[in-house]
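Take a look at the structure set out below.
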Amino acid sequence: MTMENTYTKQQEIKERALARKKVLLFRRLSLLLIITVAFSYILISTLISRNDLLKEKKQEKVKLEKTIAKLDKKKSLLKDEVVKLNDDEYIAKLARSEYFLSQDGEIIFNIPEPKEKEEEDELY
């Protein structure tokens, strides 16, 4: 048996208001937690994908640096070849060896290259 007076009614109203405030606080905290988890998920997934992209870019950089080194070597060889091609003696020697041209009184002997060298040439 409860007493039905103004004091008990006021206490019940206060308890209901307090319970309502607790429910609203729980809802707000739950919403804040959901937003925080979603934001954290987005940040972590972005961080992971950026990290993977960074690794790929580093691998590509290493590969391109190797290619640049090869091209620089080839460039220096071609520059040397250009310098040599400006020399008349080199051109004459090249023409004699590659195109079997000869000077007056020279005899050309065609000697086959060893098979190992031919196989190496095929690999490149």
Side-chain angles (χ1 to χ4, degrees):
M1 249 169 95
T2 60
M3 295 182 7
E4 295 288 328
N5 61 22
T6 58
Y7 176 76
T8 56
K9 287 182 183 180
Q10 287 176 350
Q11 290 301 320
E12 283 180 24
I13 293 172
K14 284 183 183 179
E15 286 177 11
R16 286 182 196 156
L18 187 61
R20 186 173 170 204
K21 284 183 182 179
K22 284 183 183 180
V23 168
L24 291 175
L25 178 65
F26 180 76
R27 286 180 183 170
R28 280 190 223 127
L29 289 176
S30 298
L31 181 63
L32 182 64
L33 177 67
I34 291 170
I35 291 171
T36 304
V37 167
F39 188 69
S40 298
Y41 174 77
I42 291 170
L43 287 178
I44 290 171
S45 65
T46 303
L47 179 66
I48 290 171
S49 66
R50 293 290 179 170
N51 194 23
D52 291 341
L53 183 63
L54 182 63
K55 284 180 184 179
E56 289 174 11
K57 294 294 181 182
K58 283 182 180 180
Q59 290 173 349
E60 185 178 346
K61 179 183 176 186
V62 169
K63 185 179 177 183
L64 290 174
E65 285 174 347
K66 288 179 182 178
T67 304
I68 288 173
K70 288 179 184 178
L71 290 174
D72 284 342
K73 185 177 179 181
K74 187 175 181 179
K75 179 182 175 183
S76 66
L77 291 174
L78 289 174
K79 280 186 177 182
D80 291 344
E81 187 71 20
V82 167
V83 169
K84 288 178 184 178
L85 288 173
N86 288 327
D87 184 17
D88 290 336
E89 290 180 24
Y90 178 76
I91 293 173
K93 182 180 175 183
L94 183 66
R96 283 194 302 267
S97 67
E98 293 290 325
Y99 302 109
F100 304 109
L101 300 176
S102 65
Q103 292 180 344
D104 292 336
E106 253 185 352
I107 298 173
I108 298 176
F109 295 98
N110 188 6
I111 301 173
E113 292 184 16
K115 288 185 179 182
E116 293 175 1
K117 187 169 183 176
E118 288 176 5
E119 289 174 0
E120 288 178 8
D121 291 340
E122 290 176 6
L123 292 176
Y124 297 109

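Computed from a predicted model, the values in this text were never measured in an experiment.
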Donor on one side chain, acceptor on other, Asn5 and Thr8, under 3.5 Å | yes
To the nearest 0.5 Å, how far apart are CG in Leu18 and CG in Leu25?
-> 10.5 Å
Can you tell me which residue pairs pass the side chain to side chain donor-acceptor pair (under 3.5 Å) test with a partner in residues 77-87, sequence neighbours excluded?
-> Glu81-Tyr90
Hey, mind stepping through Glu89 and Lys93 against salt bridge (Lys or Arg N to Asp or Glu O under 4.0 Å) and telling me if it holds?
-> CA-CA 6 Å; Glu89 290 180 24; Lys93 182 180 175 183; over 6 Å; no
In Å and rounded to the nearest 0.5 Å, what is the CD to CD1 distance from Gln10 to Ile13?
-> 7.0 Å
Please table the atom pairs, donor to acceptor, closer than 3.5 Å between any side-chain atom in residues 55-77 and protein atoms at least two apart or in another chain.
from	atom 1	to	atom 2	distance (Å)
Thr67	OG1	Lys63	O	3.0
Ser76	OG	Lys73	O	2.7

Phe26 CZ to Leu31 CG distance, which is reported to the nearest 0.5 Å = 11.5 Å
Criterion side-chain contact (heavy atoms from CB on, under 4.5 Å) against Ser40, the qualifying member of Leu43, Val37, Thr36 | Thr36
Which pair of non-hydrogen atoms, one from Ile91 and one from Leu85, has the smallest distance, and what is that distance?
-> CD1-O, 2.9 Å
